[in-house]
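The residues of the chain are indexed from 1 along the displayed sequence. Because the structure is a prediction, the values reported are computed rather than measured.
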Amino acid sequence: MTLSEIERQHGFAYPSLYRQLERDGMLDVGEYGPDWYKLVYPTLKDKPTLLLHADDFELLNLKAVAEEADTLRDAEDYRQVDPALRFIPFAQTGAGDHYCFFASGEQDGELPIVLLWHDQNEAQYVARNLQDFLFHMLLNSMADQDTYNEVSDEEFREQLENTLGTHARYLPPEQAQILHALLARDIVDYEVALPKGRRQAHRGLLTDIELASLRSECIPYEKFDSGFAYGTAG
């Protein structure tokens, strides 16, 4: 399966950035399976493919993209996606929610990125386009060290340095400069406010407040975090 074949089948055009990533091997994550982390991940971690180290993000290879895109159009699929809406997945979360190009939402030549929840009838806007999504996810990675899995400060920095090594070329210079400047910071502990007055401890190179500020300043998007129903059932 090729990008052009997927485009013809679903009646849309991939962003030029996604095509560049494919040509450069940034989408080559191999076949997922029980031994992927043991056998494949070590070959990728020093020169990360697209958002390899991002939290709760699993890039789909082109075979999986084609299969998942067909599944979303299947009238028998449990999600009952409205046939008038075209979603082209390119990644998923560990729970099975899909990051998609929202082909039906194209505006001024831009394909929005949405998160299609598998367990509720909602698609959530994440970014105006793939370029903004990439910067958004890299900021998120810098703001949230994975202490749950006991990733050390040294491992955290190494992952980010390696990621910038392969990703910076796909960013506007001003965005790359921001990320390099953040990488030079000291790691800080901070708390995030949760509902009902609760607070959650986090650790990273920038706080949630700084993250929101940079996102608003550098990649503003009026639809960010808003959602809409994608299914016809119920």
Sub-3.5 Å donor-acceptor pair from the side chain of [X] to the main-chain atoms of [Y], do we have one?
X: N162; Y: K47; answer: no
X: Y230; Y: R79; answer: no
X: R203; Y: T147; answer: no
X: D82; Y: A84; answer: yes
X: S104; Y: R86; answer: yes
X: R73; Y: P83; answer: no
X: D74; Y: E76; answer: yes
X: E191; Y: H202; answer: no
X: S216; Y: S213; answer: no
X: H10; Y: I6; answer: no

Find out whether [X] and [Y] are in side-chain contact, i.e. whether some heavy atom of one side chain is under 4.5 Å from a heavy atom of the other.
X: H136; Y: Y221; answer: no
X: E58; Y: Q92; answer: yes
X: I219; Y: Q175; answer: yes
X: D153; Y: Q145; answer: yes
X: S141; Y: L160; answer: yes
X: L50; Y: L27; answer: yes

Roughly how far, to the nearest 0.5 Å, is [atom2] of [Y] from [atom1] of [X]?
X: T207; Y: L205; atom1: OG1; atom2: CG; result: 11.0 Å
X: N149; Y: D55; atom1: CG; atom2: CG; result: 9.0 Å
X: L51; Y: T163; atom1: CG; atom2: OG1; result: 8.0 Å
X: D225; Y: Q124; atom1: CG; atom2: CD; result: 4.5 Å
X: E122; Y: D97; atom1: CD; atom2: CG; result: 10.5 Å
X: L62; Y: M1; atom1: CG; atom2: CE; result: 9.0 Å

Trace of the side-chain contact (heavy atoms from CB on, under 4.5 Å) decision for R157 with I187: CA-CA 9 Å; R157 284 193 181 277; I187 298 172; 3.9 Å; yes

Would you kindly confirm whether [X] and [Y] end up in one hydrophobic cluster when ILVMFWY residues are joined by side chain heavy atoms under 4.5 Å apart?
X: L52; Y: M142; answer: yes
X: L138; Y: M26; answer: yes
X: L115; Y: F102; answer: no
X: L59; Y: V114; answer: no
X: L206; Y: I209; answer: no

Which pair of heavy atoms, one from [X] and one from [Y], lies closest together, and at what distance?
X: P42; Y: K45; answer: O-CG, 3.9 Å
X: D56; Y: G94; answer: OD1-N, 2.7 Å
X: H167; Y: P48; answer: CE1-O, 3.7 Å
X: V65; Y: I88; answer: CG1-CG2, 4.5 Å
X: L214; Y: L182; answer: CD1-CD1, 4.2 Å
X: L111; Y: P15; answer: CD1-CD, 4.0 Å

Residues which pass side chain to side chain contact (heavy atoms under 4.5 Å, CB included) with Q131, listed by chain and number, not counting sequence neighbours: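 For Q131 the side chain to side chain contact (heavy atoms under 4.5 Å, CB included) partners, ignoring immediate neighbours, are L17, N129, L171, P172.
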
side-chain contact (heavy atoms from CB on, under 4.5 Å) evaluation trace for H118 with H98: CA-CA 8 Å; H118 79 284; H98 283 91; 5.9 Å; no

Salt bridge (Lys or Arg N to Asp or Glu O under 4.0 Å) contacts touching residues 159-185 (sequence neighbours left out):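 Residue pairs passing salt bridge (Lys or Arg N to Asp or Glu O under 4.0 Å), neighbours aside: D24-R169, R185-E210.
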
Sole residue of F101, F12, Y170, F133 in ring pair (Phe, Tyr, Trp, His ring centres under 6.0 Å) with Y18: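 Between Y18 and the candidates, ring pair (Phe, Tyr, Trp, His ring centres under 6.0 Å) is satisfied uniquely by F101.
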
Salt bridge present between R128 and E222 (N-O < 4.0 angstrom):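 A salt bridge links R128 with E222.
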
Pair D70-Q9, side-chain donor/acceptor within less than 3.5 Å: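 The criterion, which ignores hydrogens and geometry beyond distance, is satisfied for Q9 and D70.
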
Distance-only donor-acceptor check, side chains R19 and S4, under 3.5 Å: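 Per modelled atom types, R19 and S4 side chains form a pair under 3.5 Å.
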
Pair Y14 + F90: ring centers closer than 6.0 Å: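 No, the ring of Y14 stays outside the 6.0 Å limit from the ring of F90, centre to centre.
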
Steps toward side-chain contact (heavy atoms from CB on, under 4.5 Å) verdict (D144, L211): CA-CA 10 Å; D144 202 2; L211 170 63; over 6 Å; no

Ring geometry between Y41 and W36 (parallel below 30°, tilted from 30 to 60°, perpendicular above 60°):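 The rings of W36 and Y41 sit tilted, inter-plane angle from 30° to 60°.
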
